[in-house]
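Notes follow the structure.
In what follows, every chain begins at residue 1, and chains take the letters A, B, ... in the order their sequences are listed. Predicted, not measured: the structure shown is a model, and the values here were computed from it. Just so you know, these numbers use all the heavy atoms, side chains as well, and skip hydrogens, waters and symmetry mates.
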Protein chains: 2
Amino acid sequence: MSIGPDGTADVDFSRCPVRDVLDHLGDKWTSLIVLMLAEGPQRFSALQRAVPDISKRMLTQSLRSLERDGMLSRHVYPTKPPSVEYRLTDLGRRFHAELQRLVAWAEANHAEIRAARLRHDGLGPDAALDLAEAV
Amino acid sequence: MSIGPDGTADVDFSRCPVRDVLDHLGDKWTSLIVLMLAEGPQRFSALQRAVPDISKRMLTQSLRSLERDGMLSRHVYPTKPPSVEYRLTDLGRRFHAELQRLVAWAEANHAEIRAARLRHDGLGPDAALDLAEAV
DNA sequence: CTGCATCCCGCCTGATACTG
DNA sequence: CAGTATCAGGCGGGATGCAG
């Protein structure tokens, strides 16, 4: 995602290293999963319980996506019934560190963002004043 | 986006500070726009030229979204024809700093991600070897 | 328990045309 | 120049059912 001398941005997403990372961050679930796995290896069903609103379909899809990018590894224990454990790889843990930075930044700037929103949205009745002060 | 004692994650997105930030990062265009504006104030048409593939509709929408969250400010010069200039706010510049960190991380880990992908996708004929070494 | 296949609906997004 | 309005298509993502 560089910017050329002619002022036009490099928008070749197919080979854009930044997209690979940003897509995970923008995804509704992958960040949550990484956060959960940062606390230790988890089984499929444990993850599903930990993230209540996710469907099996999306959980599987998100896990595959993270596995594909080398963020986590999948271990199958051929017991019966079988159990599958997911754990962060080294790359995944480094990604998690970045994610934590982002979370911290977001929380630190949350009030300012919300205040800007209320200002922009046309100043909801009186709640606007409350939050304007909070900044 | 915290994790409760019962192991279930806090998934109240409507009031989640992290979502407000991650949504911008995940968006296909907003990061690009922030990157462009980091080089200095830009007019609407300049941004459209800089990001070739974006439509007027999406550019407007992305700019509104960033403005709403206080990342950038909009200045209208009532000349004729009118011109509108967008520039990052303080919050926007701080956001840009975080974005830069992410870009740096992405570029630093790009090779590893791509190698993991080739491994996972079933080892494309021989290109796999090339990139495996690159790590 | 884990995960894939299918159906299906809603929203996002691009294309196009029009206005101040 | 800087948008807004409208329409139509694609696709993400939920629900359900089935398999290893």
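The backbone N or O of M58(A) lies less than 3.5 Å from a partner atom in the side chain of S62(A), making a donor-acceptor pair.
Axis orientation changes by 50° from one end of the helix from dC1(C)-dG20(D) to dG20(C)-dC1(D) to the other, with each end axis drawn from 5 pairs and the value rounded to 10°.
Nucleotide dC1(D) holds its C1' atom 14 Å from the CD atom of E85(B), rounded to whole Å. Atom CH2 of W29(A) is separated from atom C1' of dG13(D) by 10 Å (rounded to the nearest Å). A straight line from NE2 of H75(B) to C1' of dA2(D) spans 16 Å, rounded to a whole angstrom. For the pair D23(A) CG and dC11(D) P, the interatomic distance rounds to 16 Å; values are reported in whole Å. In this structure, the NZ atom of K56(B) is 7 Å from the C1' atom of dG3(D), given to the nearest Å.
Side-chain contact between L25(A) and L99(A): present, with at least one pair of heavy atoms (C-beta onward) separated by less than 4.5 Å. Using a 4.5 Å cut-off on side-chain heavy atoms (C-beta onward), V34(A) and L72(A) make no contact. Between R114(A) and L118(A), every side-chain heavy-atom pair lies at or beyond the 4.5 Å cut-off. You'll find the side chain of R43(B) stays beyond 4.5 Å of the side chain of V84(B), heavy atoms only. Within the 4.5 Å cutoff, no side-chain heavy atoms of L47(A) are placed close to those of I54(A). Between L91(A) and D69(A), every side-chain heavy-atom pair lies at or beyond the 4.5 Å cut-off.
Look at E112(A) and R117(A) and you find no salt bridge, because none of the NZ, NE, NH1 or NH2 atoms lies under 4.0 Å from a carboxylate O. Salt-bridge check for R87(B) with E85(B): passed, with a basic side-chain N closer than 4.0 Å to an acidic carboxylate O.
Contact annotation for Y86(B): backbone-only contact, meaning every heavy-atom pair under 4.0 Å involves sugar-phosphate atoms and none involves a base.
For the segment residues 59-68 of chain B, residues with any heavy atom less than 4.0 angstrom from an atom of DNA chain D are, sorted by number, T60(B), R64(B).
For the pair S55(A) and dG14(D), the criterion of a side-chain N or O lying under 4.0 Å from OP1 or OP2 is met.
Using cut-offs of 30° and 60° on the angle between ring planes, the pair W105(A) and F95(B) is tilted.
From the 5' end on, the contacts that DNA chain C makes with chain A at under 4.0 Å to a non-hydrogen atom open and close at dC1(C) to dT6(C).
Two residues, S45(B) and R57(B), neighbour DNA chain D, and the one matched to the more 5' nucleotide by heavy-atom proximity is S45(B).
Y86(A) pairs in a side-chain contact (heavy atoms from CB on, under 4.5 Å) with only one of the listed residues (M36(A), R74(A), Q42(A)), which is R74(A).
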